[in-house]
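Step one of this worksheet: look at the structure below.
Every chain is numbered from 1, with letters handed out A, B, ... down the list of sequences. Values below: every heavy atom of this structure, side chains too, minus hydrogens, waters and symmetry copies. The structure presented is a predicted model; accordingly, all values stated were derived computationally and were not measured.
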Number of protein chains: 2
Amino acid sequence: MLTRDRILQAATEVIKQEGVSSLTLDKVAARAGVSKGGFLYHFGSKDALIIGLLNQVMGVLDTELNVLADGIDARQGAFALAYLEYVQEPTKAATDTAVSILAAAAVDDDLLDSTRATFQRWQDRLRHDDGLDETEALLARVVGDGLWLIDLFGLAPPTADERRKVLDLVSNLITDHGAARDLADSAE
Amino acid sequence: MLTRDRILQAATEVIKQEGVSSLTLDKVAARAGVSKGGFLYHFGSKDALIIGLLNQVMGVLDTELNVLADGIDARQGAFALAYLEYVQEPTKAATDTAVSILAAAAVDDDLLDSTRATFQRWQDRLRHDDGLDETEALLARVVGDGLWLIDLFGLAPPTADERRKVLDLVSNLITDHGAARDLADSAE
DNA sequence: CAGACTTTACCGTCCGGACAGACGGGTATT
DNA sequence: AATACCCGTCTGTCCGGACGGTAAAGTCTG
């Protein structure tokens with residue numbers, strides 16, 4: 001495994017296990033099995049580490065969401081349904097993303113700029129290219145992000161069963177309205 | 001204004017304006033117009049400051065939510081509707097709470113324990129004492145928290161108009177079903 | 001040899017917290 | 001009323017340690 005990747009993995013492990021405040025260069029380097037100098041060869045600063053973290057994890061999330069959306073057979077709302085399905089249970093990629101965002105917010109808010117741009121792209125896609133009513137598209141994203149961020153902070157996260165029911169409710173709302181609009185369209 | 005309150009206010013200002021990483025004892029003390037020793041008289045440690053922050057702000061949020069719920073004329077879902085109304089636009093109390101939670105998560109995850117308990121109480125109330133279908137109650141909370149946490153990180157926050165539409169959609173969903181259930185009940 | 005990679009040693013700064021007292025408004029004692 | 005005392009509040013200073021980052025030397029490989 002490449003040293004650079006080992007460092008990134010070590011960083012997320014440190015955050016998950018010891019918290020954001022323990023994300024220090026020494027600790028990450030030690031856990032990655034590299035000296036601090038070695039660490040700094042790959043990431044010139046702590047900010048660079050966090051940017052690298054966000055880039056990697058957001059990239060994974062983006063491709064996985066697209067794969068999921070491609071696999072969904074729906075005339076409308078494929079991306080929205082993928083978004084909802086993705087938070088069905090907390091996946092590793094989603095958790096890694098969450099802790100990375102938390103770390104970025106803790107260190108320097110500006111580090112989140114490119115992450116914000118990605119979310120904006122998702123939002124635009126949901127709103128314009130997914131064939132959904134705009135409000136329903138936004139609802140899907142808010143519910144998805146809500147569950148995901150509730151998990152991040154552990155704020156009374158729902159059980160797997162409750163989670164599934166809520167997601168089904170929203171999914172049905174989206175697809176039912178889509179189907180209703182289909183009928184109306186074809187009746188014209 | 002009491003010194004203790006000035007310190008709490010100074011702390012939230014520091015986080016909002018300079019970020020979580022700038023939340024140091026010296027900075028908070030300076031902004032509150034008190035010496036470091038004076039600060040430490042009121043809050044024996046940084047952890048104590050954050051606990052004080054969370055206690056105050058969660059208390060405000062809790063009472064304001066209750067006041068709002070009491071003022072809502074609905075047979076079912078008053079608390080859920082209050083929850084949704086509260087995130088209509090980002091209020092000061094909501095923002096303060098968000099940044100406090102962020103600070104706590106950044107410093108030490110355990111500091112959120114009592115906050116988690118409060119969210120659990122809200123969740124229980126929504127689920128059992130609000131007269132709603134459990135899934136719809138959970139939906140209200142997830143949407144509310146979703147919008148609120150999206151604001152916290154600035155992850156492509158919706159416009160005021162979009163926000164209102166989503167909240168209306170969820171509110172109607174809740175109250176319509178409540179009304180439908182009323183009819184079914186009275187027809188028995 | 002060259003260049004990518006890694007190590008060791010080191011530095012300046014900042015931070016959380018400890019501490020020893022100063023100030024000042026009560027309150028009890030005489 | 002004057003004195004002495006106490007205690008809640010607050011000040012300024014100091015310290016040890018951790019942290020982010022630098023610099024230079026070394027190693028391994030093509």
Side-chain angles (χ1 to χ4, degrees), chain A residues 1-56 99-112, chain B residues 1-56 99-112:
Chain A
M1 197 179 190
L2 264 49
T3 303
R4 188 189 154 89
D5 292 329
R6 284 212 323 275
I7 292 174
L8 288 175
Q9 188 184 333
T12 64
E13 284 173 12
V14 168
I15 305 175
K16 283 192 209 171
Q17 293 171 17
E18 306 180 44
V20 177
S21 61
S22 295
L23 185 74
T24 66
L25 304 194
D26 297 84
K27 252 181 193 150
V28 173
R31 185 177 288 249
V34 75
S35 68
K36 192 193 234 179
F39 169 98
L40 283 162
Y41 174 79
H42 292 281
F43 298 96
S45 69
K46 189 172 182 177
D47 283 7
L49 169 68
I50 290 177
I51 289 174
L53 220 50
L54 283 173
N55 281 346
Q56 196 205 38
V99 299
S100 300
I101 287 178
L102 186 58
V107 170
D108 182 357
D109 201 65
D110 294 342
L111 299 174
L112 283 175
Chain B
M1 198 178 189
L2 265 48
T3 302
R4 187 190 156 88
D5 292 328
R6 284 211 323 274
I7 292 174
L8 288 176
Q9 187 185 331
T12 64
E13 285 173 13
V14 167
I15 305 175
K16 283 191 209 170
Q17 293 171 17
E18 306 182 44
V20 177
S21 60
S22 295
L23 185 75
T24 65
L25 304 194
D26 296 84
K27 252 180 192 152
V28 172
R31 185 177 287 248
V34 74
S35 69
K36 195 178 198 171
F39 170 97
L40 282 164
Y41 173 77
H42 291 282
F43 298 97
S45 69
K46 190 172 181 178
D47 283 7
L49 169 68
I50 290 177
I51 290 174
L53 220 50
L54 284 173
N55 281 346
Q56 197 204 37
V99 298
S100 301
I101 287 178
L102 185 57
V107 170
D108 183 356
D109 201 65
D110 293 342
L111 299 174
L112 284 174

Between [N] ([atom2]) and [X] ([atom1]): distance, integer Å:
X	N	atom1	atom2	answer
B:D26	D:dT11	CG	P	13 Å
A:F43	D:dT22	CZ	P	16 Å
B:H42	D:dG8	NE2	P	13 Å

Exercise. Hey, mind stepping through B:S21 and A:V107 against side-chain contact (heavy atoms from CB on, under 4.5 Å) and telling me if it holds?
Worked result: CA-CA 5 Å; B:S21 60; A:V107 170; 5.6 Å; no
Exercise. Does B:Y41 put a side-chain nitrogen or oxygen below 4.0 Å from OP1 or OP2 of D:dC10?
Worked result: no
Problem set entry | A:S45 vs D:dG20: side-chain N/O to OP1/OP2 distance below 4.0 Å | no
Exercise. Side chains of A:L8 and A:L49: closer than 4.5 Å at any heavy-atom pair?
Worked result: yes
For this session: Taking the side chain as every heavy atom from C-beta outward, state whether A:L111 and A:I51 have any pair of such atoms under 4.5 Å apart.
Result: yes
Problem set entry | Electrostatic pair B:E13:B:R6 at N-O distance under 4.0 angstrom | no
Exercise. Looking at the side chain of B:K36, which of D:dT13, D:dG20, D:dC10 is the nearest nucleotide?
Worked result: D:dT13
Problem set entry | Side chain B:K46, main chain B:L23, donor-acceptor under 3.5 Å | yes
For this session: Go through DNA chain C in 5' to 3' direction and return only the first and the last nucleotide with some atom under 4.0 Å of chain A's heavy atoms.
Result: C:dA4 to C:dT8
Exercise. With a 4.0 Å cut-off on heavy atoms, is B:L23 in touch with a base, just the backbone sugar-phosphate, or nothing at all?
Worked result: sugar-phosphate
Exercise. What nucleic acid atoms does A:S35 come within less than 4.0 Å of, heavy atoms only: base, sugar-phosphate, or nothing?
Worked result: base
Which atoms of nucleotides 24-30 of chain D (N or O only) lie under 3.5 Å from a protein N or O atom, and what are those distances?
none

Seminar exercise, completed: Looking only at heavy atoms, the pair that brings B:V20 and B:A106 closest together is CG1-CB, 3.6 Å
For this session: For B:A104 and B:L112, work out which heavy atoms get closest and say how close.
Result: CB-CD2, 3.8 Å
Exercise. With B:D5, which of B:I7, B:L2, B:T3 fulfils side chain to side chain contact (heavy atoms under 4.5 Å, CB included)?
Worked result: B:L2
Exercise. Is there a donor-acceptor contact under 3.5 Å linking the side chains of A:R4 and A:Q9?
Worked result: no
Exercise. Toward the 5' end of DNA chain D, which comes first, A:K27 or A:G37, by nearest nucleotide?
Worked result: A:K27
